[in-house]
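Notes follow the structure.
All residue numbers in this chain count up from 1 along the given sequence. Computed from a prediction, not measured in an experiment: that's the story for all the values here.
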Amino acid sequence: MARRNKRTTLADWIPAIICILVGSGVLFLGNLANQKENLFIEHGQQTEASVIEVKRVSKRSGGKRKRTTTSYCPIVSFTNAEGQLQQASSLLSTKAHKSLKPGDKVTIYYMPENKEEVLLQGDSNSDSYFMIMLVGGIFTALGGGITIRNIRK
């Protein structure tokens, strides 16, 4: 049987465009966050710091089940390379920081040009970034598949 050539309409392209845009955006943001964390580890100054305070950060999600997620963001004090006493907050807020208490000593990484944020040694969200980028890749591939299907029509 001969195959009928069916013309694609704008409605056929909308899902492909949406999937590619969402997937590319998620890939970009996941990669950007991962690069920022790696920048601290590779190029940051490493030093000892004292925990001053651990702020409790609660976020409420929307939807039918309004769920509250709680994470903890340490505020630390350290002496920078110029010998000045500096305060900064953690780049990542996680549940793992709940166990930190004021006065605890931690090893941190800070960027000399931006001393407002620090990364605590051992903190890493690389698994989370991988999952985010995997979802972005799936959306992008889905959009590519829809595009190929539309072209072959």
Side-chain angles (χ1 to χ4, degrees), residues 12-151:
D12 295 327
W13 289 99
I14 290 175
I17 293 167
I18 290 172
C19 284
I20 289 171
L21 287 175
V22 167
S24 298
V26 170
L27 275 168
F28 176 76
L29 292 175
N31 186 42
L32 191 67
N34 190 35
Q35 283 182 350
K36 185 174 182 180
E37 186 177 301
N38 288 338
L39 189 68
F40 272 81
I41 294 169
E42 292 172 9
H43 301 290
Q45 299 285 324
Q46 184 177 356
T47 190
E48 287 290 313
S50 291
V51 176
I52 297 173
E53 174 187 1
V54 180
K55 283 188 180 177
R56 184 178 170 172
V57 181
S58 297
K59 292 182 183 176
R60 196 163 170 88
S61 65
K64 291 180 182 178
R65 299 181 195 174
K66 296 202 184 284
R67 201 178 268 174
T68 302
T69 319
T70 303
S71 57
Y72 299 86
C73 182
I75 310 296
V76 297
S77 174
F78 63 97
T79 304
N80 63 29
E82 292 86 38
Q84 300 168 329
L85 192 62
Q86 182 77 38
Q87 285 187 7
S89 61
S90 175
L91 177 65
L92 305 173
S93 353
T94 67
K95 290 181 182 180
H97 293 147
K98 182 179 184 177
S99 61
L100 291 175
K101 295 172 196 62
D104 285 353
K105 299 289 183 199
V106 292
T107 302
I108 62 163
Y109 297 97
Y110 72 93
M111 299 302 287
E113 61 276 0
N114 176 15
K115 299 175 190 108
E116 304 298 316
E117 288 183 322
V118 296
L119 179 68
L120 275 67
Q121 186 176 35
D123 275 357
S124 178
N125 274 347
S126 58
D127 292 342
S128 299
Y129 300 140
F130 174 76
M131 292 305 293
I132 289 169
M133 290 189 293
L134 180 65
V135 168
I138 290 170
F139 267 85
T140 304
L142 182 62
I146 295 169
T147 299
I148 290 170
R149 186 196 69 199
N150 287 340
I151 291 171

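- The 12-atom threshold is not exceeded at CZ of Phe139, counting heavy atoms of other residues, nucleotides or ligands nearer than 6.0 Å.
- Taken to the nearest 0.5 Å, the CD atom of Gln46 stands 8.0 Å off from the CD atom of Glu48.
- Under the 4.5 Å side-chain criterion, counting only non-hydrogen atoms from C-beta, Leu85 is in contact with Ser77.
- Here the CD atom belonging to Glu42 is positioned 10.5 Å from the CD atom belonging to Glu37, to the nearest 0.5 angstrom.
- Considering only heavy atoms from C-beta on, Asn80 stays 4.5 Å or farther from Gln45 through its side chain.
- Contact check for Asn31 versus Leu27: no side-chain heavy atoms found under the 4.5 Å cut-off.
- The nearest pair of heavy atoms linking Ile75 to Ser89 is CD1-CB, 3.5 Å.
- Across every non-hydrogen atom of Phe40 and Val118, the tightest pair is CE2-CA, 3.9 Å.
- Atom CG of residue Asp12 and atom CD1 of residue Ile146 lie 10.0 Å apart, to the nearest 0.5 angstrom.
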Check: Do Thr79 and Gln86 pass the side-chain hydrogen bond (donor to acceptor under 3.5 Å, both in side chains) test, and can you show the C-alpha distance, the side-chain angles, and the key distance before you say yes or no?
Finding: CA-CA 6 Å; Thr79 304; Gln86 182 77 38; over 6 Å; no

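- Taking the side chain as every heavy atom from C-beta outward, Pro74 and Val106 never approach each other to under 4.5 Å.
- Minimum heavy-atom separation, Leu142 to Cys19: CD2-SG, 3.8 Å.
- Residues Ala88 and Glu117 come closest through the heavy atom pair CB-N, 4.1 Å.
- Rounded to the nearest 0.5 angstrom, Trp13 CH2 and Ile151 CD1 are separated by 4.5 Å.
- Separation of atoms CD1 (Ile41) and CG (Leu119) is listed at 5.5 Å; rounding is to 0.5 Å.
- Within the model, atoms CZ of Phe28 and CE of Met133 stand 12.5 Å from one another, a figure rounded to the nearest 0.5 Å.
- The two atoms that bring Val57 and Cys73 nearest to each other are CG2-CB, 4.1 Å, heavy atoms only.
- Leu100 is not listed as a side-chain neighbour of Tyr72, based on a closest heavy-atom distance of 4.5 Å or more.
- For the residue pair Ser50 and Lys105, the shortest heavy atom distance occurs at OG-NZ, 2.6 Å.
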